[in-house]
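Report on one structure; see the data block that follows.
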Amino acid sequence: MTGGTNGTPAAGTSRERYGESLFVRDTPEYRRLRLLGEVFDPLSVRTLAAVGVRPGMRCLEIGAGGGSMARWLCGQTAPTQVVATDLDVSALEPGQDENLLPIVHDVTRDSFPTESFDLIHARFVLNHLPERDEVLKRITQWLRPGGVLMVESFSWFPVDSSPNAGYRKTLLRWSDLVRDTIGTDSRWARNYPAALGCHGLRDLDAHTVTQHIRGGSGLADFWRLTVDMSREQLLGRGYLSTKEYEDFTSLMQDVDFWDLAPALTQAWGRK
């Protein structure tokens with residue numbers, strides 16, 4: 001894809017799919033996914049536990065990534081099977097979790113039988129899909145009556161108001177890059193939880209967690225690696241200058257830097 005002078009795709013170009021040039025599974029991406037789990041799993045676990053996860057529930061983890069949430073679900077629902085899907089499941093070897101079933105599955109194309117699951121969890125998945133509303137509708141059909149769907153995405157409002165111009169610009173330009181390349185909508189979470197209600201779910205609820213980010217912390221390392229995995233595209237397509245990129249990298253390692261990270265918005269509803 002060839003970018004224009006402002007970093008947007010040239011006319012007539014088509015978007016890529018997730019994992020083609022961005023979020024490619026390699027050693028740095030596995031490290032980023034591990035950090036993602038360390039930083040965000042406690043928040044996901046806290047909410048899922050409050051929503052209700054118990055033995056005997058058949059669960060689906062969509063976009064399982066490094067597999068940490070799928071493994072947690074295995075421990076909560078054993079001996080019932082937990083299905084963990086992703087475009088690449090190389091990080092999801094069953095290991096000691098005998099009730100873990102990894103499946104290569106493209107949620108935009110592949111399906112499951114209706115009323116297959118008691119709980120479906122999708123974290124940082126739907127916001128990356130241009131067909132997110134259609135996919136959400138299909139996912140709700142896989143829930144059994146009484147089943148719960150929980151979705152999680154980033155909300156960018158803390159970045160919009162950051163007083164640090166370099167931090168703000170880098171994350172916003174990265175957001176522009178993933179939007180232009182694969183169709184990510186970093187602001188879609190503002191539709192939660194109403195987006196779930198549009199597809200027939202009830203008992204809706206949601207909350208947003210805003211975290212402070214400090215240079216050198218795990219959260220800062222996560223965002224440093226997230227921007228770094230897009231370095232070639234950010235610089236080559238004119239989204240950032242080399243100096244802007246390097247200044248952001250230094251900022252994420254500076255223990256004197258404090259700000260607000262992109263917030264985590266969680267929403268859930270029952271069929």
### Message
My understanding is that only residues two or more places apart in sequence, or in another chain, count here; which of them pass ring pair (Phe, Tyr, Trp, His ring centres under 6.0 Å) with F23?
### Response
Y18, H128
### Query
salt bridge (charged side-chain N to carboxylate O under 4.0 Å, His left out) with K271: which residues, sequence neighbours excluded?
none
Acceptor/donor pairs from residues 205-220 side chains to any protein atom, 3.5 angstrom cut, sequence neighbours excluded:
{"residue": "H207", "atom": "NE2", "partner": "T47", "partner atom": "OG1", "Å": "3.2"}
{"residue": "H207", "atom": "NE2", "partner": "Q266", "partner atom": "OE1", "Å": "2.6"}
{"residue": "T208", "atom": "OG1", "partner": "T265", "partner atom": "OG1", "Å": "2.9"}
{"residue": "R214", "atom": "NE", "partner": "V255", "partner atom": "O", "Å": "2.7"}
{"residue": "R214", "atom": "NH2", "partner": "V255", "partner atom": "O", "Å": "3.3"}
{"residue": "S217", "atom": "OG", "partner": "R214", "partner atom": "O", "Å": "2.6"}
{"residue": "S217", "atom": "OG", "partner": "A220", "partner atom": "N", "Å": "3.2"}

### Query
So which pairs with a foot in residues 99-113 pass side-chain hydrogen bond (donor to acceptor under 3.5 Å, both in side chains), sequence neighbours left out?
R17-D106, R17-T108, D106-T108, S111-W142
### Task
For residues 219-235, pull every pair meeting salt bridge (charged side-chain N to carboxylate O under 4.0 Å, His left out), keeping only residues two or more places apart or in separate chains.
D221-R224
### Task
Sorted by first residue and then second, give each salt bridge (charged side-chain N to carboxylate O under 4.0 Å, His left out) pair with at least one member in residues 133-159; sequence neighbours left out.
D118-R144
#### Entry: All pairs passing salt bridge (charged side-chain N to carboxylate O under 4.0 Å, His left out) where residues 27-40 contributes a residue, at least two apart
E29-R32
Donor-acceptor contacts, no H, no angles, side chain residues 191-204, under 3.5 Å, sequence neighbours left out:
{"residue": "N191", "atom": "ND2", "partner": "W188", "partner atom": "O", "Å": "3.3"}
{"residue": "Y192", "atom": "OH", "partner": "S153", "partner atom": "OG", "Å": "2.8"}

## Note on the structure
Residue pairs meeting salt bridge (charged side-chain N to carboxylate O under 4.0 Å, His left out), one or both in residues 48-69, sequence neighbours left out, come to none
### Task
Mind checking side-chain contact (heavy atoms from CB on, under 4.5 Å) for R190 and listing every partner two or more places apart, or none if nothing turns up?
F157
### Query
Which residues pass the salt bridge (charged side-chain N to carboxylate O under 4.0 Å, His left out) test with D185, sequence neighbours left out?
none
### Task
Quick one: list whatever passes side-chain contact (heavy atoms from CB on, under 4.5 Å) with S162, sequence neighbours left out.
N164, Y167, R168, D259
